[in-house]
Number of protein chains: 2
Amino acid sequence: MTDLDARRTPVTQRAVEEIKRRIADGDFGPGDRLPTERDLAADLGVSRSSMREAIRALITLGVLESRHGAGVYVTALRPADLLETFSVLAEVSQGATLLEVLQVRRMLEPAATALAAARADDEQIAHIGTLLEDIDGEEGTVSADLGFHRAIVAATGNATLVAVSDGLSSASFHARVWSGYREAGLTAKLREDHHRIHEALLARDPDAARAAATAHVMRVERWLRAGLQTPAG
Amino acid sequence: MTDLDARRTPVTQRAVEEIKRRIADGDFGPGDRLPTERDLAADLGVSRSSMREAIRALITLGVLESRHGAGVYVTALRPADLLETFSVLAEVSQGATLLEVLQVRRMLEPAATALAAARADDEQIAHIGTLLEDIDGEEGTVSADLGFHRAIVAATGNATLVAVSDGLSSASFHARVWSGYREAGLTAKLREDHHRIHEALLARDPDAARAAATAHVMRVERWLRAGLQTPAG
DNA sequence: GTGCCAGGGTGGTCCGACCACTAATGGGTG
DNA sequence: CACCCATTAGTGGTCGGACCACCCTGGCAC
């Protein structure tokens, strides 16, 4: 924080910190339009190039968004905005990390499902039931399964939880886990799990929901663990 | 993906996607050094400015890191690298979001503490005990409390869990929650909670650890909820 | 062999120009 | 008067080049 530190800190990073500070301080609120890149650059005493890099970083973080020709705006700053970056984890993660991610899901999903059982309204549960039919109907459609779990988490009404959960189970991650699911009777077992979870939600039974979700995640983890030991291309 | 789409996609974003693709395809592996910014820019047919913005975005995502004068490198791609971004959530979040974050922690911490009780080795538990003394000794030092909880999560051996947990409890978040803790006998109560958690770890008792962690997080949540209803400056 | 240091190469920063796009302006038209 | 549309100022997007700060290597002196 001293001048000496500032001297050695890249100007771009300093600009990032400064803009974040102004947002945290309320100078810029959600939805507000920022000064032009040129003005901001002049204000902070940096070149427009460096200012653009700083803005680019904050855009990547989900804090800002830019509209070509219109200006740069602060996002709604909702957790979903800020945690979108997260998906890169699933994009590049491999092997052991997959198990770690699954272990975190094993902690979150049961609690989330239980919470959903207590909070979800009729409409949400009905929607979840619809997704369940999609999974049954077509073949294991990854996106349908993804939507099923996502809808349950969304039913908790906790946007932050949704964002975290999304990050831990992006489409590409799901796809990687599911690739190979056709084998054995696993698909049928998972289908049973899903129905059991749905029944618990219908019964508004948090304990049953927690148990069903736990069993489901553990089944997936067991399968994945076995699959990783005899990896295929 | 068509030419028409590419025509309307900003070159910077295209560069980001391309580099991510090359990493995902294994062209660039963890720890590898990338071609120079100038070479990359020429390779992808963009200016160095745009290439730098693309690199800046990937640095922000935790995929790349640059060393002044030495080159740009792919990170180890460990979850901790990729989830660091995350902390911005805690930096700019307010009010209701704070409660949402705490609710997620209420799901994670008990499970994490229980896991730590089962997995932690003697050295790790001893280290946690040391941190506990720091909290007792000095005044409520935010950083010491942060370190205490972080050490517990780290003892689970799950790097992904550590990264997620860190994101949900960055220093600034902790500071905001703790600001005002001096009041009442709350500090003493929290101290009791910490000791109870440590005892459970020493006893290698996952159930007791889970219970102690649950009680602790719920106490904080209850306090925060009451505090938000009568907000101060 | 050891230590120093000078050079080349790299990322960091700045500048100025032009392009692409948006939105407000204002005149024309019904 | 109300509506539409071309104009135009202003904004972000891209480019090219220049220079600075820093690292690393290799050759030199000791």
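What you see below is based on every heavy atom in this structure, not just the backbone, and it leaves out hydrogens, waters and symmetry mates. Each chain gets a letter, A, B and so on, in the order its sequence line appears, and its residues count up from 1.
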Mind checking A/Ser49 for me? I need base, sugar-phosphate or nothing, with any heavy atom below 4.0 Å counting as a touch.
base

Apply side chain to side chain contact (heavy atoms under 4.5 Å, CB included) to residues B/Val16 and B/Lys20 and explain how you reach the verdict. CA-CA 6 Å; B/Val16 170; B/Lys20 271 202 295 189; 4.2 Å; yes

Short question: side chain of A/Asp32, backbone of A/Val74 - any donor-acceptor pair under 3.5 Å?
no

Open item on the list: Regarding C/dG12, can its base be found pairing with the side chain of B/Arg48 as donor and acceptor, where the two atoms are less than 3.5 Å apart?
Closed with: yes

Whole-Å distance, B/Glu65 CD to C/dG12 C1', equals 16 Å

Exercise. Answer yes or no: is there an ion pair linking A/Arg56 with A/Glu53, defined by an N-O contact shorter than 4.0 Å?
Key: no

Rounded to whole Å, CD1 of B/Ile55 lies from C1' of C/dT13 at a distance of 15 Å

| Are the charged groups of B/Glu18 and B/Arg14 less than 4.0 angstrom apart, N to O? | no

DNA chain C nearest-nucleotide lookup for B/Thr36 and A/Gln13: closer to the 5′ end is B/Thr36

Here the distance between atom C1' of C/dT22 and atom CZ of A/Arg33, to the nearest Å, is 10 Å

Result for 5'-nearest mapping on DNA chain C, choosing between A/Ala70 and B/Leu34, is B/Leu34

Contacted region of DNA chain D by chain A, from 5' end to 3' end of the hits, cut-off under 4.0 Å to heavy atoms, spans D/dG10 to D/dT14

In whole angstroms, the gap separating P of C/dG12 from CE of A/Met51 amounts to 17 Å

* B/Arg38 (side chain) and C/dG9 (base): donor-acceptor pair under 3.5 Å -> no

Discussion item. Quick check: do B/His198 and B/Ile128 have side-chain heavy atoms less than 4.5 Å from each other?
Written reply: yes

Subject >> Salt bridge present between A/Arg48 and A/Asp39 (N-O < 4.0 angstrom) >> reply: no

Here the pair of heavy atoms bringing B/Thr113 nearest to B/Ala213 is OG1-CB, 3.4 Å

From NE2 of B/His68 across to P of C/dG12 the rounded distance in Å is 6 Å

Discussion item. Regarding B/Arg52, tell me which of base, sugar-phosphate or nothing describes its non-hydrogen contacts under 4.0 Å with the strands shown.
Written reply: base

Check your understanding: Would one find a side-chain N or O of A/Thr12 under 4.0 angstrom from OP1 or OP2 of C/dG12?
Key -> no

